[in-house]
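Note sheet for the following structure.
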Amino acid sequence: MKNWTTDHTKEIKEWFSVGNYEIFEDLSLKAYYHELWARAIWHRPWPTEEEGRDLIQFGIKVFGGNPVLYNADQLQYTDRDDLLYEPPHIHLTTTKRIAQLGINSMVAGLFAWDGGQQYKIIPEYSDSFISEIFKDSMTKNTVMLEIDLASGTDEEIAESIRTALPQWRKIKATEPDMSSVVRFGYGTIKKMISYRIIAMLDILMWSKIHKVRVSDDRLSRLLYTDDDNEDETRLNHHIRDSDRPLAIKAATINFIRQFNYFLNKNPHLKDMKVSDVMKLND
């Protein structure tokens with residue numbers, strides 16, 4: 001990693017202006033969630049191939065002076081009536097997944113070839129749970145299931161799953177990871193804006209790409225200007241003790257899941273402006 005020089009200051013100021021990030025206060029909370037979610041993907045060590053393509057576009061926008069990555073049309077996927085929504089913790093079955101199951105099932109000897117064009121399931125496996133058969137490999141920490149939407153109300157179906165979870169966890173010997181659980185509330189959102197977390201994450205990504213160290217004092221000077229009130233300015237010790245650790249935590253999938261959980265528990269906030277949400281109390 002290189003030390004910061006005046007050339008780096010000139011380079012970063014070609015695209016970075018803290019004023020460009022003021023727009024985040026005017027976004028809906030749902031839109032702000034997606035902007036933070038994009039940064040979590042951007043900062044992930046090993047993105048998927050599909051995510052990698054999106055990250056190229058993220059970089060083009062952010063380093064072109066436009067930190068808002070999603071427009072209103074792109075955020076309508078949760079309200080669409082032509083595409084199933086895939087929430088956190090749940091994976092809808094894809095053709096790729098079916099292919100994986102089929103191949104692994106044949107390798108495991110669950111099917112037998114009759115010598116013609118037909119395969120037959122081995123009788124002893126006909127009622128076995130996939131999650132049990134492949135419990136040490138592709139379904140180690142997962143339970144594969146189908147949900148019959150016509151079998152009951154949303155509340156009834158959700159309660160059935162909630163009731164089954166403790167038993168499923170016991171059978172699968174999988175406990176929730178509590179080490180990364182975040183107490184997410186209105187105060188967290190206020191800190192995210194006040195500490196200019198998304199702006200900091202974009203600076204940190206730029207420094208990572210350019211392999212240059214960025215000190216806490218440097219972050220303070222980039223994120224705050226003489227136009228800021230003195231009581232709003234975060235100094236190097238604030239950055240070191242609170243702001244940078246929060247930014248690093250915010251750029252994790254676990255933090256995003258907590259944010260998503262907060263939104264699900266408070267659906268009335270999704271379309272509210274971030275600036276208005278900041279006025280609320282836990």
Side-chain angles (χ1 to χ4, degrees), residues 28-30 33-34 36-37 40-41 48 50 75-111 120-186 188-189 252-272 277 282:
S28 69
L29 189 60
K30 180 174 72 174
Y33 160 80
H34 282 83
L36 187 62
W37 171 82
I41 299 298
T48 65
E50 182 179 357
L75 299 180
Q76 297 305 313
Y77 72 94
T78 57
D79 302 319
R80 289 176 60 175
D81 55 11
D82 63 337
L83 183 68
L84 293 174
Y85 169 52
E86 187 174 65
H89 312 292
I90 296 174
H91 302 285
L92 298 178
T93 305
T94 62
T95 51
K96 179 180 179 180
R97 188 60 166 168
I98 290 176
Q100 291 173 336
L101 287 169
I103 293 170
N104 280 274
S105 295
M106 287 188 284
V107 171
L110 306 187
F111 302 105
K120 295 182 179 180
I121 189 169
I122 302 300
E124 63 185 276
Y125 293 117
S126 60
D127 294 319
S128 298
F129 295 138
I130 292 294
S131 299
E132 280 297 302
I133 295 174
F134 300 116
K135 61 183 179 181
D136 295 324
S137 54
M138 61 188 301
T139 63
K140 185 176 182 180
N141 295 317
T142 65
V143 173
M144 301 191 69
L145 72 157
E146 293 179 282
I147 298 176
D148 183 357
L149 298 178
S151 66
T153 65
D154 292 352
E155 290 76 14
E156 291 170 339
I157 294 172
E159 185 62 21
S160 292
I161 295 175
R162 190 195 67 78
T163 303
L165 280 171
Q167 196 263 0
W168 289 350
R169 288 190 179 280
K170 182 178 180 180
I171 295 295
K172 303 290 287 187
T174 303
E175 294 299 323
D177 180 9
M178 303 302 293
S179 63
S180 56
V181 171
V182 179
R183 185 183 180 277
F184 198 102
Y186 298 103
T188 310
I189 296 167
T252 64
I253 297 302
N254 284 328
F255 188 93
I256 297 302
R257 286 173 177 164
Q258 292 297 314
F259 197 160
N260 182 268
Y261 179 71
F262 176 82
L263 289 176
N264 288 338
K265 296 288 285 185
N266 301 278
H268 59 288
L269 300 178
K270 290 184 178 181
D271 295 319
M272 188 181 294
V277 176
D282 287 306

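Computed over heavy atoms, backbone and side chain alike; hydrogens, waters and symmetry mates excluded. All residue numbers in this chain count up from 1 along the given sequence.
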(request) Indicate the atoms forming the closest heavy-atom contact of Lys140 with Thr174, along with that distance. (result) O-OG1, 4.2 Å
(message) So which atom in Gly185 and which in Phe262 form the shortest heavy-atom distance, rounded to 0.1 Å?
(response) CA-CE1, 3.8 Å
Quick one: [atom1] on [X] to [atom2] on [Y], what's the gap to the nearest 0.5 Å?
X      : Y      : atom1 : atom2 : value
Phe255 : Thr188 : CZ    : OG1   : 6.0 Å
Arg169 : Asn141 : CZ    : CG    : 9.5 Å
Arg162 : Glu155 : CZ    : CD    : 13.0 Å
Leu269 : Asn264 : CG    : CG    : 11.5 Å
Ile147 : Ile161 : CD1   : CD1   : 4.0 Å
Leu29  : Leu263 : CG    : CG    : 5.0 Å

(message) Can you confirm whether Leu110 sits close enough to Met106 that some side-chain heavy atom of one is under 4.5 Å from a side-chain heavy atom of the other?
(response) no
(message) If you define the side chain from C-beta out and look only at heavy atoms, does anything of Asn104 sit under 4.5 Å from Ile133?
(response) no
[X] side chain to [Y] main-chain N or O, any donor-acceptor pair under 3.5 Å?
X      : Y      : result
Glu156 : Thr153 : yes
Asn266 : His268 : no
Lys120 : Phe111 : no

(message) Test side-chain contact (heavy atoms from CB on, under 4.5 Å) on Ile171 and Trp168; report intermediate values, then the result.
(response) CA-CA 5 Å; Ile171 295 295; Trp168 289 350; 5.9 Å; no
Without placing hydrogens or testing angles, list every side-chain donor-acceptor pair under 3.5 Å for residues 86-96, not counting sequence neighbours.
unit_1 : atom_1 : unit_2 : atom_2 : d
Glu86  : OE2    : Leu92  : N      : 2.6
Thr94  : OG1    : Arg97  : N      : 3.2

Enumerate donor-acceptor pairs with a distance under 3.5 Å from any side-chain N or O in residues 123-131 to protein atoms, sequence neighbours excluded.
unit_1 : atom_1 : unit_2 : atom_2 : d
Ser126 : OG     : Pro123 : O      : 2.9
Ser131 : OG     : Met144 : N      : 2.7

(request) Assert yes or no for the condition that the ring centre distance of Phe184 to Tyr261 is strictly below 6.0 Å. (result)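 Ring centres of Tyr261 and Phe184 not closer than 6.0 Å.
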(request) List the steps and the verdict of side-chain contact (heavy atoms from CB on, under 4.5 Å) for Ile256 and Ile41. (result) CA-CA 10 Å; Ile256 297 302; Ile41 299 298; over 6 Å; no
